[in-house]
Asks: 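Take this structure, written in structure tokens, and hold onto it; I'll ask about it next.
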Amino acid sequence: MRIVMTGATGNLGRLIANELLNRMRAEDLILSVRRPDAVEVEPFRRQGAEVRYGDYDNPKSLREAFSGASRLLLVSSSHSDDTVRLKQHAAAIEAAAETGIEHLFYTSFAYAEKGRLPLHAMHLQTEQAIRASGLSYTILRNATYTDVLRFLGLREAVSSGILLSPPGDWTFNAASREDLAAAAATVLTEDGHENRMYELTASRAWNLGDLARALSEASGRRVVHRADPSMNNPLYGMLPLSDTRSVSPDLARLVGYPLQSLKDEVRKLLESKMIG
């Protein structure tokens, strides 16, 4: 069994590639990338993975990149235009069918049918195209990444002791990229996931009160949550357009060990200082 994957130079893709290299022979992993000479793919090439040129906008290159593999992980395109992303996904699905891919895996968005953003529609349309292709498939519906924490004012909260937000019942089902990568590697290297869809979220939703407590524990300074009607953070305007509160046991079951906790994520961000 040979696995080919797209998106290996992205933040999630790199993690998935590393997970796969821990679970399979390196020579059975093919990385389809737009720039085979990119610095980001050199560590994978040195470990024995095959790196091929594959560009979503060049269908011929995708057919050549996917050739000889039986499983394809289609990591959703990062293009800023959802119309373009859909065309790119369609080209990859067509190339997969033409080159004999037996099982297609796709990174979608958690509870997409409940969302009201163009990206939700794009993912749903891609899922439908995959089903219509006749290929065996597995849909990996990833929750919002816990990177969202970087935009919630954690640094200011630790400094002031107050985690501010606009008024509202803000609830999150975010999951870490590391856990999502582990789940993807699990289904890619196992049998029994044919024609399945997984909602990959945190095991339980958390709110800003939970976040304030995690900040207190991680920093050693008391932090409380407080609503401020004058606060203007564009993120909170986007949250109601996605389902950020539904949760599923799928991610924890596929990973097979306790998921990274909110406290773990907060501590990691405080230590890295990559927070706003």
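Residue indices begin at 1 and follow the sequence shown. As a basis for the values below, the full set of heavy atoms in this structure was taken, side chains included, without hydrogen atoms, waters or symmetry mates.
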Asks: Check Ser70 against Met1 and note the closest heavy-atom contact, atom names and distance.
Replies: OG-CG, 3.5 Å

Asks: Are there over 12 heavy-atom neighbours, none belonging to Arg52, within less than 6.0 Å of that residue's CZ?
Replies: yes

Asks: For Ala65 and Gly54, work out which heavy atoms get closest and say how close.
Replies: CB-CA, 4.1 Å

Asks: Any heavy-atom pair between the side chains of Leu72 and Tyr137 that's under 4.5 Å?
Replies: no

Asks: For Ser61, is there any backbone N or O sitting under 3.5 Å from a side-chain donor or acceptor partner on Asp55?
Replies: no

Asks: Taking the side chain from Tyr111 and the backbone from Val247, do they hold a donor-acceptor pair closer than 3.5 Å?
Replies: yes

Asks: Check whether Arg71 reaches the backbone of Leu188 with its side chain - one donor and one acceptor, N or O, closer than 3.5 Å.
Replies: yes

Asks: Please tell me whether Tyr106 and His123 have a donor and an acceptor in their side chains that are separated by less than 3.5 angstrom.
Replies: yes

Asks: If you measure only the distance, is there a donor-acceptor pair under 3.5 Å linking the side chains of Thr186 and Arg23?
Replies: yes

Asks: Under the side chain to side chain donor-acceptor pair (under 3.5 Å) test against Ser77, which residue among Arg85, Gln88, His89 passes?
Replies: Gln88

Asks: For the pair Ser216 (side chain) and Val223 (backbone), establish whether a donor and an acceptor sit closer than 3.5 Å, ignoring hydrogens and angles.
Replies: yes

Asks: Short question: side chain of Thr244, backbone of Thr171 - any donor-acceptor pair under 3.5 Å?
Replies: yes

Asks: Go through the steps to decide whether Lys60 and Glu64 satisfy the test salt bridge (charged side-chain N to carboxylate O under 4.0 Å, His left out), and finish with yes or no.
Replies: CA-CA 6 Å; Lys60 182 176 183 293; Glu64 293 172 352; 2.5 Å; yes

Asks: Closer than 3.5 angstrom, by distance alone: can the side chain of Ser76 be matched with the main-chain N or O of Ser108 as a donor-acceptor pair?
Replies: no

Asks: Nearest heavy-atom pair of Ala112 and His120: which atoms, and what distance?
Replies: O-CB, 3.5 Å

Asks: Quick one: does any side-chain atom of Arg45 pair with a main-chain N or O of Pro36 as donor and acceptor, under 3.5 Å?
Replies: yes

Asks: Taking the basic N atoms (NZ, or NE/NH1/NH2) and the acidic carboxylate oxygens, is any pair closer than 4.0 Å for Arg245 and Asp169?
Replies: yes

Asks: Does Arg226 CZ have over 12 foreign heavy atoms under 6.0 Å away?
Replies: no

Asks: Any sub-3.5 Å donor-acceptor pair from Arg14's side-chain atoms to Thr9's backbone N or O?
Replies: yes

Asks: Between the side chains of Asp147 and Lys268, is the shortest nitrogen-to-carboxylate-oxygen separation below 4.0 Å, so that they form an ion pair?
Replies: no

Asks: Determine yes or no for a side-chain-to-main-chain donor-acceptor pair under 3.5 angstrom, with Ser159 supplying the side chain and Arg155 the backbone.
Replies: no

Asks: So, Thr138 versus His103: side-chain donor-acceptor pair below 3.5 Å or not?
Replies: yes

Asks: Check whether any side-chain N or O of Asn18 sits under 3.5 Å from a backbone N or O of Leu20 as a donor-acceptor pair, and report yes or no.
Replies: no

Asks: Please determine which of Glu27, Glu50, Glu102 meets the salt bridge (charged side-chain N to carboxylate O under 4.0 Å, His left out) test together with Arg2.
Replies: Glu50

Asks: Does Gln260, at its CD atom, have more than 12 non-hydrogen atoms belonging to other residues, nucleotides or ligands within less than 6.0 Å?
Replies: yes

Asks: Consider only side-chain heavy atoms of I, L, V, M, F, W and Y, link residues closer than 4.5 Å, and tell whether Tyr145 and Leu211 are in one cluster.
Replies: no

